[in-house]
Amino acid sequence: CANGWGFIGEQALYHNREKVKIYGETFSSGDVIGVTLDLNAGTLSFSKNRKSLGIAFDKIYGELFPAVAFYNVGQEIEILSDGFKTSCPQEIFPVSPCRLNMDELSLLNELVLCIYHKQPLSYRLTTMLVDHCNRWCTSSFTRCKAVSGKDVYVSKDSPLLKRFGLTVGERVRTIYGVAEVLGAAFNRIWFRIGGSSNGSRPGPSDDGKVWFFTPQQITDGRAKKLFLRCTYD
């Protein structure tokens with residue numbers, strides 16, 4: 001996978017479809033390989049037979065999924081039923097279809113039916129559309145594409161930004177390096193990781209680097225001198 005991070009049995013790390021560096025120890029049949037993903041630190045580590053091999057990758061963010069790759073026919077793995085632990089509360093992922101509720105689905109259904117039958121919109125739907133258009137025209141909202149590939153609308157004047165004293169467009173230090181503040185959505189603050197080159201307007205290649213930090217991550221980061229205005233790249 002072009003966007004995957006992996007550990008292969010030849011004592012090497014794998015990323016962007018190629019080996020990137022020597023790491024850890026070789027492993028083979030009978031070995032137990034552990035994977036530790038720390039989203040607060042943005043790191044991925046591995047272990048062999050419960051012995052830590054250290055941090056393999058850093059500056060990892062985005063919508064991530066576990067995966068295993070096989071090279072030869074007949075290869076197999078066993079996932080240990082007692083091997084999974086998490087310190088994060090379970091919650092629905094931002095901009096996920098799972099976040100849709102029945103009220104939102106009914107509004108969408110109403111909008112599609114009105115358009116299809118060429119009928120006027122209801123007062124409620126019209127009011128919502130007018131409010132959204134006004135916010136869009138006054139630049140209160142902006143649309144960006146997250147690193148997961150999904151579109152997200154962020155508010156540029158959210159109380160959450162004021163709570164942390166952050167301003168849209170300013171650059172701050174994060175665990176992933178310097179990032180540009182974009183706005184707030186889903187009770188999270190969204191950033192363009194790495195920012196655009198030479199301070200120019202972001203292009204398509206920059207848009208996909210958008211990701212978020214939770215209020216708790218920002219609070220904890222402030223104790224480490226992170227999420228403060230940065231005057232250098």
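Numbering starts at 1 and runs along the sequence shown.
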_Whether the side chain of D151 engages the backbone of K145 through a donor-acceptor N/O pair (distance < 3.5 Å, no angle test) should be reported._
no
*Could you check whether the rings of Y61 and W211 sit parallel, tilted or perpendicular, using 30° and 60° as the cut-offs?*
tilted
*Has the side chain of R188 got a donor or acceptor atom that lies under 3.5 Å from a matching backbone atom of F186?*
yes
*ILVMFWY cluster, I115 and M128 together (side-chain gap under 4.5 Å)*: yes
_Pair F213 and F227, ring centroids less than 6.0 Å apart_ = yes
_Plane angle bin for F46 and F7 - parallel if under 30°, tilted between 30 and 60°, otherwise perpendicular_ = tilted
*Quick one: OG on S106 to CG on L111, what's the gap to the nearest 0.5 Å?*
11.5 Å
*Side chains of N40 and Q217: does their closest heavy-atom pair fall under 4.5 Å?*
yes
*Side chains of V172 and L228: does their closest heavy-atom pair fall under 4.5 Å?*
no
*Closest heavy-atom contact between S155 and L161?*
O-CD1, 3.9 Å
*Do side-chain atoms of E180 reach the backbone of R171 as a donor and acceptor pair under 3.5 angstrom?*
no
*Would you name the heavy atoms of A185 and W190 that are closest together and state the gap between them?*
O-NE1, 3.0 Å
*Specify the closest pair of heavy atoms between D157 and S140, including all atoms of both residues, with the distance to one decimal.*
OD2-OG, 3.8 Å
*For L121 against C114, the heavy-atom pair lying closest together*: CD2-CB, 3.5 Å
*Step through the shown structure and confirm whether more than 12 heavy atoms of other residues, nucleotides or ligands are within 6.0 Å of CD1 on I55.*
no
*asked:* I'd like to check V152 versus F212 (side-chain heavy atoms, cut-off strictly below 4.5 Å). Are they in contact?
replied: no
*Co-membership, hydrophobic cluster, residues L13 and L64, 4.5 Å side-chain*: yes
*asked:* Using side-chain heavy atoms (C-beta onward) and a distance below 4.5 Å, is V181 in contact with F191?
replied: yes
*What closest approach, in Å, do I193 and Y176 show between heavy atoms, and which atom pair accounts for it?*
CG2-CB, 3.7 Å
*Mind checking whether T43 and D58 have side chains closer than 4.5 Å, heavy atoms only?*
yes
*Output yes when a side-chain donor or acceptor of K48 lies under 3.5 Å from a complementary backbone atom of T26, and no otherwise.*
yes
*When you measure from the side chain of Y14 to the backbone N and O of W5, does any donor-acceptor pair fall under 3.5 Å?*
no
*E110 and R124, any side-chain heavy atoms less than 4.5 Å apart*: no
*Do the side chain of H15 and the main chain of G6 share a donor and acceptor less than 3.5 angstrom apart?*
no
_Please determine whether the number of non-hydrogen atoms from other residues, nucleotides or ligands lying under 6.0 Å from atom OH of Y123 exceeds 12._
no
*Nearest 0.5 Å, what's the CZ-OG distance between F164 and S158?*
10.5 Å
_Once rounded to the nearest 0.5 Å, what's the spacing between atom CG of D38 and atom CD1 of I175?_
8.0 Å
_Contact check, side chains of P215 and L160, non-hydrogen atoms, under 4.5 Å_ = yes
*Is it true that E25 and K51 make a salt bridge, defined as a side-chain N closer than 4.0 Å to a carboxylate O?*
yes
*asked:* Tell me if the CZ atom of R222 is crowded by more than 12 foreign heavy atoms within 6.0 Å.
replied: yes
*asked:* Using every non-hydrogen atom in the two residues, find where V210 and C144 come nearest and quote the distance to one decimal.
replied: CG1-SG, 3.8 Å
*I33 side, atom CD1; I8 side, atom CD1 - distance, nearest 0.5 Å*: 12.0 Å
*For I77, does the CD1 atom have more than 12 heavy-atom neighbours from other residues, nucleotides or ligands under 6.0 Å away?*
yes
*What distance do R192 atom CZ and L182 atom CG have between them, rounded to the nearest 0.5 Å?*
4.5 Å
*Going from CZ on F57 to CG on L37, what distance comes out if it is rounded to the nearest 0.5 angstrom?*
12.0 Å
